[in-house]
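Below you'll find the structure, written out as C-alpha cells, and then a few comments.
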Amino acid sequence: SQTIHQWPATLVQPVGSPLSLECTVEGTSNPNLYWYRQAAGRGLQLLFYSVGIGQISSEVPQNLSASRPQDRQFILSSKKLLLSDSGFYLCAWSVGRKQPQHFGDGTRLSIL
Amino acid sequence: KQEVTQIPAALSVPEGENLVLNCSFTDSAIYNLQWFRQDPGKGLTSLLLIQSSQREQTSGRLNASLDKSSGRSTLYIAASQPGDSATYLCAVYAGNMLTFGGGTRLMVKP
C-alpha cells in the first residue's frame, strides 16, 4: 500500500532563517506531488505541484521554492523565512490528475 | 477563477442524527470533486471522490452527490457518531489544481 511521510511534524524558526521540509511517498511510481499551505482563517492553498522529477509548477508568487530531486521526494524550501510563512504545510500525492489526492500529516511551522 | 463555498461553517448535532453538508462551486468545468475529513492538527483524509460524469458515491454511512450543472455537492452522513466530529472539506479539481472550500466544522454530541 502507498504511504506518505512528512517531517518534521512541528518546526519553530526565527525570521530570516532557511527552511527545508521534506515529503516522501512509498508504494507508487511517478506520482503527482503537491505542496499546500493552510493558514489560520484562510483555508488550503496550493503552493506547488510536480508531475515528474525536476518539473515544478508554482501557483502563487511567494518566498518559497520547491524541488523534486527524486521520483518520490518533494522538498519545500526557503532561503529566508518571513513571518507570513507561518502555517500548516501539507504534502499530497496522486497517481494522476483526475485521481484522489492523499495527504500527509503536515508540518506546523511557526516563525518567531 | 474557481471559488468553493461550504455551508454551514459549523454544525453541532446530537448523536444519531442524519445530517447534510453543502458545497457549492462557481465553475462547472471540473474533473472531479473530493470530500475530505480533517481532525484538529492533522492532515486530510480522503473520504469520497466523485468524477464529473458521476452523480453520487457511497462509502459506509457517507453518501456524496454531485450536480455539476448547478455547481453543488452534498455530503450526507447517516446516524452520526461522536467519532464523526471533525472538519469536512470539499475540493474541486480543474486544470491542474484542487480548489478547497473553507470547511464545515462538525461536532456530534453524545
Side-chain angles (χ1 to χ4, degrees), chain A residues 1-11 21 23-25 28 31-52 55-60 66 74 87-110, chain B residues 1-10 21 23-26 29-54 57-59 62 64 66 68 73 75 86-105:
Chain A
S1 64
Q2 302 89 357
T3 56
I4 180 169
H5 303 281
Q6 277 187 253
W7 67 91
T10 59
L11 189 60
L21 303 181
C23 170
T24 59
V25 179
T28 187
N32 289 354
L33 296 171
Y34 309 85
W35 277 112
Y36 292 86
R37 177 170 56 206
Q38 190 174 36
R42 295 192 60 186
L44 266 158
Q45 183 182 39
L46 178 66
L47 302 176
F48 301 95
Y49 69 92
S50 171
V51 298
Q55 300 178 61
I56 309 294
S57 297
S58 174
E59 288 298 319
V60 292
F74 206 20
F88 190 45
Y89 288 83
L90 290 158
C91 180
W93 70 272
S94 68
V95 295
R97 63 179 186 173
K98 297 184 182 181
Q99 298 306 312
Q101 290 190 18
H102 304 278
F103 284 74
D105 288 335
T107 295
R108 186 158 305 281
L109 175 64
S110 300
Chain B
K1 178 186 173 186
Q2 180 74 264
E3 293 184 3
V4 181
T5 304
Q6 290 187 246
I7 295 173
L21 308 181
C23 172
S24 61
F25 47 96
T26 54
I30 64 171
Y31 291 121
N32 58 50
L33 183 145
Q34 198 167 355
W35 281 94
F36 295 89
R37 169 187 173 137
Q38 185 176 30
D39 293 292
K42 300 293 185 181
L44 277 64
T45 300
S46 179
L47 298 173
L48 291 164
L49 179 140
I50 310 177
Q51 299 292 353
S52 62
S53 58
Q54 296 175 322
Q57 282 287 334
T58 298
S59 176
L62 305 179
L66 173 64
K68 201 173 76 159
S73 176
L75 179 67
T87 296
Y88 291 81
L89 296 157
C90 74
V92 296
Y93 196 95
N96 287 306
M97 61 187 293
L98 271 178
T99 302
F100 283 82
T104 293
R105 192 166 57 252

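All figures in this text were calculated on a predicted structure; none of them were measured in a lab.
Contact of A:Q101 with chain B is made through backbone and side chain together, with heavy-atom distances under 4.5 Å. Using a 4.5 Å cut-off between heavy atoms, A:L44 touches chain B through backbone and side chain atoms alike. When heavy atoms are compared at a cutoff of 4.5 Å, A:Q6 does not approach chain B at all. When heavy atoms are compared at a cutoff of 4.5 Å, B:L98 approaches chain A by way of both its backbone and its side chain. For chain A, the nearby parts of B:L44 are the backbone and the side chain; heavy atoms of each come within less than 4.5 Å.
In this pair, B:F36 and A:F103 present their aromatic rings perpendicular. The plane angle is above 60°, beyond the 30 to 60° band. Between B:F100 and A:Y36, the ring-plane angle classifies as perpendicular under the 30° and 60° cut-offs.
Considering all non-hydrogen atoms of both residues, B:L49 and B:Q57 come closest at O-CG, 3.2 Å.
With sequence neighbours excluded, the residues forming a side-chain contact (heavy atoms from CB on, under 4.5 Å) with A:T24 are A:H5, A:W7, A:E22, A:Q73, listed by chain and number.
Side-chain atoms of B:K68 and B:I30, non-hydrogen and from C-beta on, do get closer than 4.5 Å to each other.
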